Amino acid sequence: MAVTPEFFEQLERFGVAKTFECFNCGTCAAICPLVYEHFPRKLIRYAQLGALDRILENPKELWRCLHCGLCTQTCPREANPGELILGLRRFVVDRWRRSQHV
Amino acid sequence: MFNPRDIIELIAHNVKKSRNPFGVPRMILNRWWWRTPLEKKGDSILFTGLMYQSLPIIAKTTDQLAAFEDSPRARYIRLARYMPGALAGLGAALLTGRKERRQSDQILKNIATLLQKSGVRFAYRPDLDHYSGILLYDLGDQETFVEHARYVAGQLKHAGIRRLITVDPHTTYALRELYPKVTGHRFEVRAYFELLNATGGNGQRKVALHDPCFYGRYLELSDIPNRLLNGFNIECVPVKNSANFTHCCGGPAESISPKLSHAVVMRRFKELQATGAPIVAMCPICLGNLKKVGADVEDLSMILARCA
């Protein structure tokens, strides 16, 4: 798995200010109405590691999020997991659009 | 699940062409105000954001999407953006029933009447009443959302508008929280029920009030409708997961995955159903999604209009 340690800097451009606040406790995954494969905890971990391949190999997963805000409401670190997922969506949309112009 | 890219590009295309997510011409979509006596001048306006008007179209289009989700035909959704806007609008008009359109329009008429009865001075300017762009924001298309928000806010500023009275949680959140950040323009944004002061009547019943995520959690406004209903002698029975901890209706997923949306709304429906009371919604998305699964649900404005 290739990692891009400075990925958090790219995410800042998409409104994500707290990539590293999350300590992966899993409260977000427990409260999420999707109850789906450690969502959103797993994707947040990938973002922290800069595991772009893992995020981009199945980007559709990001759009499962309902943006309901329960994870953000309950996060003990105030890491704003919902906003991180939204930032990842913005990142992917931007990447799709830029790839169209190559 | 559809390819989000196809859905996002379709919605972005429609918003750029017609300023609403369905590509429907405004004169077809926004007709509730016809033959309704409303003030046309003023710096305080009713701003519907076209969400309730879109409810019959949302119901029809998500039914269509559900029919071929995860099928080989799903990939043809990307071709929809090549359909001319006027044709799409005509199609939408033919697909939606008159009864459904009348019900949605009635909600907006009720809200206007409730505001008038509460002595709130406001005008309605159909030329300024635009979709907020919130779906673009939710789907992560920040670029198109910002472009659209700047257009809408610019029109409002140019017209000298100071206060916006909103009718749904998505538009309220967009205008109150997001527009100042992305457009630099700030308006006084009030949800319509924040301005109502009517009490009395004889409700004498119990209801299960479903808090939408944006009112319950993001804007923390759910105590106000609760208080309003109590003022009419209507008891809001306790609902599992309310206010800050309200449960999503699944609506935000309906454009990408009707199946996922259905699974989520069924869970919420069971929580509301367990109260044994009729359900009251205050968001067009929640209302439509709960209706789809057969819930006994009506909009907050309908019950308030009967009591006021």
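Note that this is a predicted model, so its numbers are computed, not measured. The figures here come from the full heavy-atom set of this structure, side chains too, leaving out hydrogens, waters and symmetry mates.
- At distances below 3.5 Å, at least one donor-acceptor pair connects side-chain atoms of B:R217 with backbone N or O atoms of A:C68.
- The neighbour count for B:K16 NZ, taken as heavy atoms of other residues, nucleotides or ligands under 6.0 Å away, is above 12.
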For this session: Evaluate the side-chain contact (heavy atoms from CB on, under 4.5 Å) criterion for residues A:K60 and B:F2: first the C-alpha distance (whole Å), next the side-chain angles of each, then the deciding distance (0.1 Å), finally the verdict.
Result: CA-CA 8 Å; A:K60 280 166 79 169; B:F2 289 94; over 6 Å; no

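- In this structure, B:H185 places its NE2 atom where more than 12 heavy-atom neighbours from other residues, nucleotides or ligands lie under 6.0 Å away.
- For the atom pair A:W63 CH2 and B:R5 CZ, the distance stands at 10.0 Å (nearest 0.5 Å).
- Neither the backbone nor the side chain of B:S261 comes within less than 4.5 Å of any heavy atom in chain A.
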For this session: Given side-chain contact (heavy atoms from CB on, under 4.5 Å), test B:L260 with A:L34 step by step and report yes or no.
Result: CA-CA 8 Å; B:L260 175 61; A:L34 300 180; 3.6 Å; yes

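- The number of heavy atoms from other shown groups lying within 6.0 Å of CD (A:E57) is above 12.
- Looking at B:E9 and A:W96, their side chains never come closer than 4.5 Å, going by heavy atoms from C-beta outward.
- Here CG of A:D94 is found 11.0 Å from CD of B:Q142. Values are rounded to the nearest 0.5 Å.
- Panel note: side chain A:R89, backbone B:D138; a donor-acceptor pair is recorded below 3.5 Å.
- The number of heavy-atom neighbours closer than 6.0 Å to NZ of B:K259, taken from other residues, nucleotides and ligands shown, is above 12.
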For this session: Apply side-chain contact (heavy atoms from CB on, under 4.5 Å) to the pair A:Q73 and B:T246, showing each step before the final yes or no.
Result: CA-CA 11 Å; A:Q73 177 78 27; B:T246 190; over 6 Å; no

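- A distance of 9.5 Å separates CG of A:L70 from CG of B:N244, quoted to the nearest 0.5 Å.
- Each of B:V264, B:N241, B:I256 has some count of heavy-atom pairs under 4.5 Å with chain A, and the biggest count is that of B:I256.
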For this session: For side-chain contact (heavy atoms from CB on, under 4.5 Å), just list the numbers for B:E143 and A:R90, CA-CA rounded to whole Å, side-chain angles, deciding distance to a tenth of an Å, and then say yes or no.
Result: CA-CA 9 Å; B:E143 183 189 359; A:R90 291 176 187 146; over 6 Å; no

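- In this structure, chain B has a heavy atom under 4.5 Å from the side chain of A:T74, while its backbone stays farther away.
- Considering only heavy-atom pairs separated by less than 4.5 Å from chain A, the leading option among B:G251, B:G216, B:P252 is B:P252.
- Contacts of B:F245 with chain A are made by both backbone and side-chain atoms, with heavy-atom separations under 4.5 Å.
- Once rounded to the nearest 0.5 Å, the distance linking CZ of A:R97 with CD1 of B:I8 reads 7.5 Å.
- At a threshold of 4.5 Å between non-hydrogen side-chain atoms, the residues B:R267 and A:P33 count as touching.
- Within the model, atoms CG of A:L66 and SG of B:C249 stand 8.5 Å from one another, a figure rounded to the nearest 0.5 Å.
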